[in-house]
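Computed over heavy atoms, backbone and side chain alike; hydrogens, waters and symmetry mates excluded.
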Amino acid sequence: MTTGSPQLKFRSNAARVGAWAWVTFAVLNLVDIVWRGRDMTALVMATVLIFGCGVAYVLGLRPAIVGDETGLTFRNLLRDVRVPWGAVRKIEGTDSVKVRYAGAGGGEAVSRAWTLQSSPRAQARAQARAQRDAQKLPAGAAEALKTRTPTAYAAQQLNELADRHRPKTTKSGNPSKAAEQAAKPSGSVTWSMTALAALAIPATAVIIAVLTATLT
């Protein structure tokens with residue numbers, strides 16, 4: 001997966017704070033276990049804490065929406081969505097940020113980002129806050145702000161970035177250049193080996209530690 005330098009990045013601050021809080025809690029407890037733990041119960045607890053760090057990474061630290069000079073990336077829990085700007089058809093911000101793009105088979109595919117998802121109730125609260133803030137602004141700016149939610153704002157920014165970087169179609173009598181333009185890019189969805197390993201390895205350690213403690 002080829003990516004450039006991030007120009008836009010959206011993440012959930014609440015999820016990141018919660019993840020780092022767990023990692024801090026886990027590290028402090030692991031230090032205590034190393035210092036005082038000498039039995040199988042301590043080993044089981046240590047593996048559970050490390051597994052929790054893997055969950056914190058997958059749920060809180062990994063998810064992101066990244067836009068760079070070459071395309072859009074959704075880092076979801078276990079999978080990555082990579083869409084070159086030339087394959088993007090539309091980016092929408094409703095209950096989540098969604099991208100419509102040309103799939104590998106030439107048809108349209110739709111993927112949504114895990115981060116910035118919101119329920120209808122959360123959207124209503126965000127719109128209410130935006131309307132209150134809009135009362136302090138000039139009429140033109142107020143109207144634009146009234147219906148803005150975090151997902152709508154992210155979609156707007158990403159669409160603007162896509163417009164700047166989307167390849168321009170030009171007419172050319174050169175057959176080779178025409179062939180290059182005909183080979184349109186497509187998006188892809190792939191599993192994240194890092195995310196899978198962050199869960200699978202500690203989970204295996206927990207199972208082995210529990211079985212060892214049970215049989216000992």
Query raised in the report: What is the minimum heavy-atom distance between Arg11 and Pro63, and which atoms define it?
Result: NE-O, 3.9 Å
Query - Considering all heavy atoms, the nearest Ala113-Ser96 contact - result: O-CB, 4.0 Å
Query raised in the report: Does Val27 share a hydrophobic cluster with Leu59, counting links as ILVMFWY side-chain heavy atoms below 4.5 Å and allowing steps through other members?
Result: yes
Query raised in the report: What's the verdict on side chain to side chain contact (heavy atoms under 4.5 Å, CB included) for Thr73 and Val81, showing C-alpha distance, side-chain angles and the deciding distance?
Result: CA-CA 5 Å; Thr73 301; Val81 179; over 6 Å; no
Requested in this report: Quick one: pull up CD in Glu92 and CG in Asn159 and give me the separation to the nearest 0.5 Å.
Outcome: 9.0 Å
Query - Arg100 and Glu108: CA distance, side-chain angles, deciding distance, salt bridge (Lys or Arg N to Asp or Glu O under 4.0 Å) verdict - result: CA-CA 7 Å; Arg100 299 181 182 275; Glu108 182 174 273; 3.5 Å; yes
**Report entry** Separation of Thr151 OG1 from Ile91 CD1 (nearest 0.5 Å)
**Finding:** 12.5 Å
**Report entry** Stepwise side chain to side chain contact (heavy atoms under 4.5 Å, CB included) test for Leu49 and Phe25
**Finding:** CA-CA 9 Å; Leu49 289 169; Phe25 169 80; 4.0 Å; yes
Requested in this report: Check whether Met193 and Val55 end up in the same hydrophobic cluster, where Ile, Leu, Val, Met, Phe, Trp and Tyr are linked by side-chain heavy atoms less than 4.5 Å apart.
Outcome: yes
Query - Side-chain heavy-atom pair Leu78, Ser192 within 4.5 angstrom cut-off - result: no
Query raised in the report: So do the side chains of Ser186 and Tyr101 get within less than 4.5 Å of each other, counting heavy atoms only?
Result: no
Query raised in the report: Do Val66 and Arg75 have side chains that get closer than 4.5 Å, going by heavy atoms?
Result: yes
Requested in this report: Consider only side-chain heavy atoms of I, L, V, M, F, W and Y, link residues closer than 4.5 Å, and tell whether Val110 and Leu72 are in one cluster.
Outcome: no
Report summary line: OG1 (Thr194) and CG (Leu199) are apart, to the nearest 0.5 Å, by 11.0 Å
Report task. Provide the closest heavy-atom pair for Pro202 versus Ala197 in the form atom of the first, atom of the second, distance. Result -> CD-O, 3.5 Å
**Report entry** Within one Ile-Leu-Val-Met-Phe-Trp-Tyr cluster: Trp191 and Trp114, side-chain cutoff 4.5 Å
**Finding:** yes
Report summary line: Between Trp22 and Ala56, the two heavy atoms sitting closest are CD1-CB, 4.0 Å
Requested in this report: Identify whether NZ of Lys or CZ of Arg in Arg166 sits under 6.0 Å from the centre of the six-membered ring of Trp85 and within 45° of that ring's axis.
Outcome: no
Report summary line: On a heavy-atom basis, the closest approach of Thr47 and Ala205 is CG2-O, 3.9 Å
**Report entry** Within-4.5 Å side-chain heavy-atom neighbours: Ile33 and Leu43
**Finding:** no
Query raised in the report: Between Arg82 and Asp68, is there a side-chain N and carboxylate O pair less than 4.0 Å apart?
Result: yes
Query raised in the report: Going hydrophobic residue to hydrophobic residue with side-chain gaps under 4.5 angstrom, can you get from Leu116 over to Leu158?
Result: yes
Query raised in the report: Within a strict 4.5 Å, meaning less than it, do heavy atoms of the Thr115 and Val97 side chains meet?
Result: no
Query - Matching residue for His165 among Glu69, Glu160, Gln7 - test: side chain to side chain donor-acceptor pair (under 3.5 Å) - result: Gln7
Query raised in the report: What closest approach, in Å, do Ala209 and Met40 show between heavy atoms, and which atom pair accounts for it?
Result: O-CE, 4.2 Å
Report task. With the side chain counted from C-beta on, respond yes when Leu61 and Trp20 share a heavy-atom pair under 4.5 Å apart, and no when they do not. Result -> yes
**Report entry** Side-chain heavy atoms of Asn76 within contact of Asp80, under 4.5 Å
**Finding:** no
Report task. Indicate yes or no: at least one non-hydrogen side-chain atom of Lys98 is less than 4.5 angstrom from one of Lys90. Result -> no
Query raised in the report: Taking it one step at a time, do Val210 and Thr214 satisfy side chain to side chain contact (heavy atoms under 4.5 Å, CB included)?
Result: CA-CA 6 Å; Val210 170; Thr214 303; 4.1 Å; yes
